[in-house]
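Here's the structure, in structure tokens; my notes come after.
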2 protein chains.
Amino acid sequence: MIDKYEINRSLAINLLRTREAVMDRFRPMLASAKLTEQQWRVLRGLSEHGATDAGKLASIACILPQSLSRIAKNFEEKQLIKMETDSNDARKIILSLTNNGEVLMKGATVESKKIYAKLIEDFGENNLADLLDKLDLLRNSLGKE
Amino acid sequence: MIDKYEINRSLAINLLRTREAVMDRFRPMLASAKLTEQQWRVLRGLSEHGATDAGKLASIACILPQSLSRIAKNFEEKQLIKMETDSNDARKIILSLTNNGEVLMKGATVESKKIYAKLIEDFGENNLADLLDKLDLLRNSLGKE
DNA sequence: TCTTTTTAATTAACATGTTAAATATCTATT
DNA sequence: AATAGATATTTAACATGTTAATTAAAAAGA
């Protein structure tokens, strides 16, 4: 039964395999920084957005709030982030990088940009723009954002 | 610092978000069958390819052999699959669906095809073909397959 | 103001991802 | 045939995904 419904042709699997192929280029960098993909996205979100409450940060980093809760506790113990209660809303926790966290991200970000630049060079800037457009279109077609 | 390196524009995150949007359409089906995404891919692989050794099946289902090992034990206890040693190579384990497993997959496959057909209708057959082509191209550019 | 509802974050329980190591079997070399 | 090296699977330990429940605080209504 080899048709467009077959597993190797399915959209979800192709998105997964392609993402894995992309991440393979970043894994050495992450391994040398001793960070998981999710931890990297959290620190990157804080680095780009500055102090952010947990809910927004989870959304930015594309992880569940429950996962961020665990990651944040871990990072606070390692003194990579600070956790403070929002003075306007005691339910919210504001996260921000410590100096240690910023130092860690400085180096990793330089490395990450090099890898991404090489990826764009290999894939082609136009191909990348087209692909990102198609992905946006698909998400819109599915009624999400 | 909003440039092409910014997290919300990064390729890996977009592939992740888009995949999540696609899977959102399938999750109700999976929930009603009480299957995780990975369990679904394993059963689907067996349904499409018949009896398969663990290594090949893990590759087909796009999960790690270690994960398949746990899933297979779980499924064997629930009598959804059989596990037999390969008579030609005692290192290999051949997995196959039981009758129970095939019955489960019959219904779920019908449902899955309906959902996928609706997705194609919403996204457009040409857009889907283009996207799959671009994903292939990207994987090839990255030197994978 | 008091109660109810909603929201933000956390915790719990189980499944999977990831890296490393262990086990068993096969293959190649001598 | 005996050994060394390679392959297939499994197990272990820890991090994250997922669903559900819990806690605390804000917002809404009576």
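In what follows, every chain begins at residue 1, and chains take the letters A, B, ... in the order their sequences are listed.
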Please give, in whole Å, the distance from [N] [atom2] to [X] [atom1]?
X: A/R19; N: D/dT16; atom1: CZ; atom2: C1'; answer: 12 Å
X: B/L57; N: D/dT10; atom1: CG; atom2: P; answer: 11 Å
X: A/Q38; N: C/dT16; atom1: CD; atom2: C1'; answer: 12 Å
X: A/I63; N: C/dA8; atom1: CD1; atom2: C1'; answer: 15 Å
X: B/L16; N: D/dT16; atom1: CG; atom2: P; answer: 14 Å
X: A/D53; N: C/dT10; atom1: CG; atom2: C1'; answer: 15 Å
X: A/I94; N: C/dA9; atom1: CD1; atom2: C1'; answer: 12 Å
X: A/L30; N: D/dA15; atom1: CG; atom2: P; answer: 16 Å

Q: Could you check A/L68 against B/A72 and say which one's nearest nucleotide on DNA chain D is further toward the 5' end?
A: B/A72

Q) When the nearest nucleotide of DNA chain D is assigned to B/K73 and to A/Q39 on a heavy-atom basis, which residue is associated with the more 5' position? A)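 Nearer the 5' end of the strand: B/K73.
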
Q.
So if I apply the side chain to side chain contact (heavy atoms under 4.5 Å, CB included) rule between A/L95 and each of A/D53, A/T52, A/L68, which one comes out positive?
A. A/L68

Q) Shared ILVMFWY cluster between A/V22 and A/L16, side chains joined below 4.5 angstrom? A)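 No, because A/V22 and A/L16 fall into different hydrophobic clusters, even though each may have its own neighbours under 4.5 Å.
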
(Q) Give the residues of residues 78-86 of chain B touching DNA chain C, defined as any heavy atom closer than 4.0 Å, sorted by residue number. (A) none

(Q) Could you work out, with side chain to side chain contact (heavy atoms under 4.5 Å, CB included) as the rule, every residue matching A/T36, not counting sequence neighbours? (A)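 Applying side chain to side chain contact (heavy atoms under 4.5 Å, CB included) to A/T36 gives A/Q38, A/Q39.
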
Q | With sequence neighbours excluded, residues passing side chain to side chain contact (heavy atoms under 4.5 Å, CB included) with A/A51 | A |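 So A/A51 forms a side chain to side chain contact (heavy atoms under 4.5 Å, CB included) with A/I94, A/S96.
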
Q.
Just checking B/Q79: does its CD atom have more than 12 heavy atoms from other residues, nucleotides or ligands closer to it than 6.0 angstrom?
A. no

(Q) Per the salt bridge (charged side-chain N to carboxylate O under 4.0 Å, His left out) rule, what does the pair list look like for residues 84-101 of chain B, sequence neighbours excluded? (A) B/D89-B/R91

Q) Rounded to the nearest 0.5 Å, what separation is found between the CG atom of B/L135 and the CZ atom of A/R17? A) 12.0 Å

Q: Check whether any side-chain heavy atom of A/L30 sits under 4.5 Å from a side-chain heavy atom of A/M23, and report yes or no.
A: yes

Q) salt bridge (charged side-chain N to carboxylate O under 4.0 Å, His left out) with A/K78: which residues, sequence neighbours excluded? A) none

Q) How would nucleotides 18-25 of chain C be written as a contact map, 5' to 3', with B for base contact, S for sugar-phosphate-only contact and - for no contact, using protein heavy atoms under 4.0 Å? A) BBB----B

Q | C/dT16 OP1/OP2 closer than 4.0 Å to side-chain N/O of B/T36 | A |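 Yes, because at least one side-chain N or O of B/T36 sits under 4.0 Å from OP1 or OP2 of C/dT16.
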
